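Reviewing the structure listed below.
Since this is a predicted model, take the numbers as computed values, not measurements. All heavy atoms count here, side chains included; hydrogens, waters and symmetry mates do not. Just follow the structure's listing: the first ligand is 1, and inside any ligand the first atom is 1.
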Amino acid sequence: MRIVRRRLAAAALLAALAATAAPARAQTPGTLDPPPPARAVTPALAATLPAKELFGGVRSATPGPAQAIGFYSKGCMAGAEALAVNGPSWQVMRLSRNRNWGQPAMIAFLERFAATVPKVSRWPGILVGDMSQPRGGPMLTGHASHQVGLDVDIWLTPMPQRQLSAQERETMSAVMVVRPDRLDVDPKVWTPSHVAVIRAAAQDPQVERVLVNAAIKKALCRDATGDRSWLRKVRPYWGHDYHMHVRIGCTADSPMCKAQEPVTGGEGCGAELNYWFSEGVLHPRPPAIPPKPKPPMMLADMPDACRQVLLAR
Ligand SMILES: [Zn+2]
């Protein structure tokens with residue numbers, strides 16, 4: 001009896017941990033098992049299932065011209081392209097997630113940026129994390145944005161010289177760049193190449209924002225020499241301590257793409273950065289009354305055109 005109760009308590013604890021842990025971050029290992037069979041989306045399912053289950057189950061892009069539809073955190077995409085899993089200076093990680101899809105402008109950015117990296121740093125290339133699903137939309141695990149094919153996570157770990165195996169792409173971890181006390185980068189990990197790679201991303205004319213941990217922004221503010229105007233695009237954000245999130249702008253051929261506010265202000269190295277190291281931000285206290293979980297986004301909450309994207313054969 002006691003053993004049973006202990007087992008139940010252990011199971012409850014595991015369930016609680018699973019519920020609180022943010023799932024499918026860059027570090028979460030993937031699998032080499034074949035994916036579950038794709039489910040045909042019917043209008044009845046489209047009306048009842050959360051949008052993340054609908055878009056998360058789709059395996060193929062729609063044919064036809066590329067379109068980013070809606071906003072980065074509430075939208076979808078048509079005519080997506082897949083990034084090749086191997087390029088001259090990039091390799092895609094976690095292939096089992098099938099998230100190497102994006103707008104043609106995103107594919108072009110990644111090809112351009114990956115080619116730049118070995119020229120400006122000691123990195124042979126980049127490791128590409130999550131982009132978007134074949135038709136964009138919300139995901140079953142991780143990410144509020146990445147929905148319209150204009151966001152990508154790039155690991156802050158250099159690509160190795162050799163081609164990684166399928167197994168390694170599922171299990172390898174990125175290297176944590178931030179020091180354990182979260183107040184700065186880890187000097188054993190951080191190198192001038194990190195600065196050069198992040199700068200190259202931010203200097204790309206198509207890139208509107210690069211999100212990194214505040215400790216990384218602090219290091220960039222300290223280490224950047226010469227032209228520092230690119231620093232304004234690099235914004236502190238929670239997490240992002242072993243990858244950077246790069247966001248490019250809407251393109252003119254996607255009239256339904258909703259642009260975000262342009263970045264304003266200066267380098268962002270002053271008081272606005274100090275805020276991120278205040279006690280309440282570094283060690284937030286859980287609220288006395290836990291907030292009610294938000295209802296999941298439904299297809300009806302999304303731009304109308306996303307319905308056609310989802311149901312297209
Ligand atoms: Zn991201």
Side-chain angles (χ1 to χ4, degrees), residues 21-30 51-52 55-56 68 70-77 80-83 85 90-103 105-110 113-114 117 126-157 159 169-170 172-178 194 197-202 204 206-217 220 233-250 257-261 263 276 297:
R25 300 176 140 195
Q27 304 291 55
T28 310
K52 62 182 176 184
F55 283 94
F71 194 60
Y72 297 88
S73 54
K74 191 186 272 193
C76 63
M77 67 169 155
E81 284 180 19
L83 179 70
V85 300
W90 76 83
Q91 296 185 41
V92 177
M93 303 301 284
R94 303 291 189 267
L95 301 177
S96 64
R97 296 186 185 177
N98 193 27
R99 291 178 180 171
N100 57 321
W101 298 83
Q103 289 289 303
M106 172 51 79
I107 307 296
F109 158 71
L110 281 167
F113 172 59
V117 162
I126 52 167
L127 297 175
V128 179
D130 283 357
M131 297 165 60
S132 299
Q133 301 176 137
R135 298 185 194 186
M139 301 184 186
L140 282 166
T141 52
H143 308 298
S145 63
H146 290 250
Q147 295 194 22
V148 291
L150 301 174
D151 294 290
V152 58
D153 289 345
I154 296 167
W155 288 24
L156 292 173
T157 302
M159 184 189 86
R169 291 179 202 229
E170 300 300 336
M172 190 182 139
S173 284
V175 179
M176 170 64 83
V177 179
V178 173
H194 287 83
V197 169
I198 299 170
R199 175 174 49 214
D204 188 284
Q206 267 267 279
V207 168
E208 290 193 341
R209 275 174 175 70
V210 178
L211 306 181
V212 295
N213 188 271
I216 295 173
K217 172 85 190 198
L220 295 171
K233 288 192 196 170
V234 184
R235 318 284 281 201
Y237 208 71
W238 287 276
H240 296 77
D241 38 21
Y242 42 78
H243 75 274
M244 63 171 162
H245 174 126
V246 178
R247 172 169 294 175
I248 63 171
C250 292
C257 183
K258 201 167 161 235
Q260 64 190 335
E261 292 292 316
V263 287
W276 289 88
M297 192 196 298

inquiry  = With side-chain contact (heavy atoms from CB on, under 4.5 Å) as the criterion, how do E170 and L95 come out once you've worked through the C-alpha distance, each side chain's angles and the decisive distance to 0.1 Å?
reply    = CA-CA 7 Å; E170 300 300 336; L95 301 177; 4.0 Å; yes
inquiry  = For D130, is there an ion pair with R94 - N to carboxylate O distance below 4.0 angstrom?
reply    = no
ask   = How many protein N, O or S atoms sit closer than 2.8 Å to the Zn ion (ligand 1)?
value = 3
request  = Specify whether H240 and H243 have parallel, tilted or perpendicular ring planes, treating 30° as the upper limit for parallel and 60° as the lower limit for perpendicular.
outcome  = tilted
query = Any side-chain heavy atom of S145 sitting closer than 4.5 Å to one from R247?
reply = yes
query = Rounded to the nearest 0.5 Å, how far apart are CD1 of I126 and CZ of F113?
reply = 5.5 Å
query = Roughly how far, to the nearest 0.5 Å, is the CD atom of Q91 from the CG atom of L83?
reply = 11.5 Å
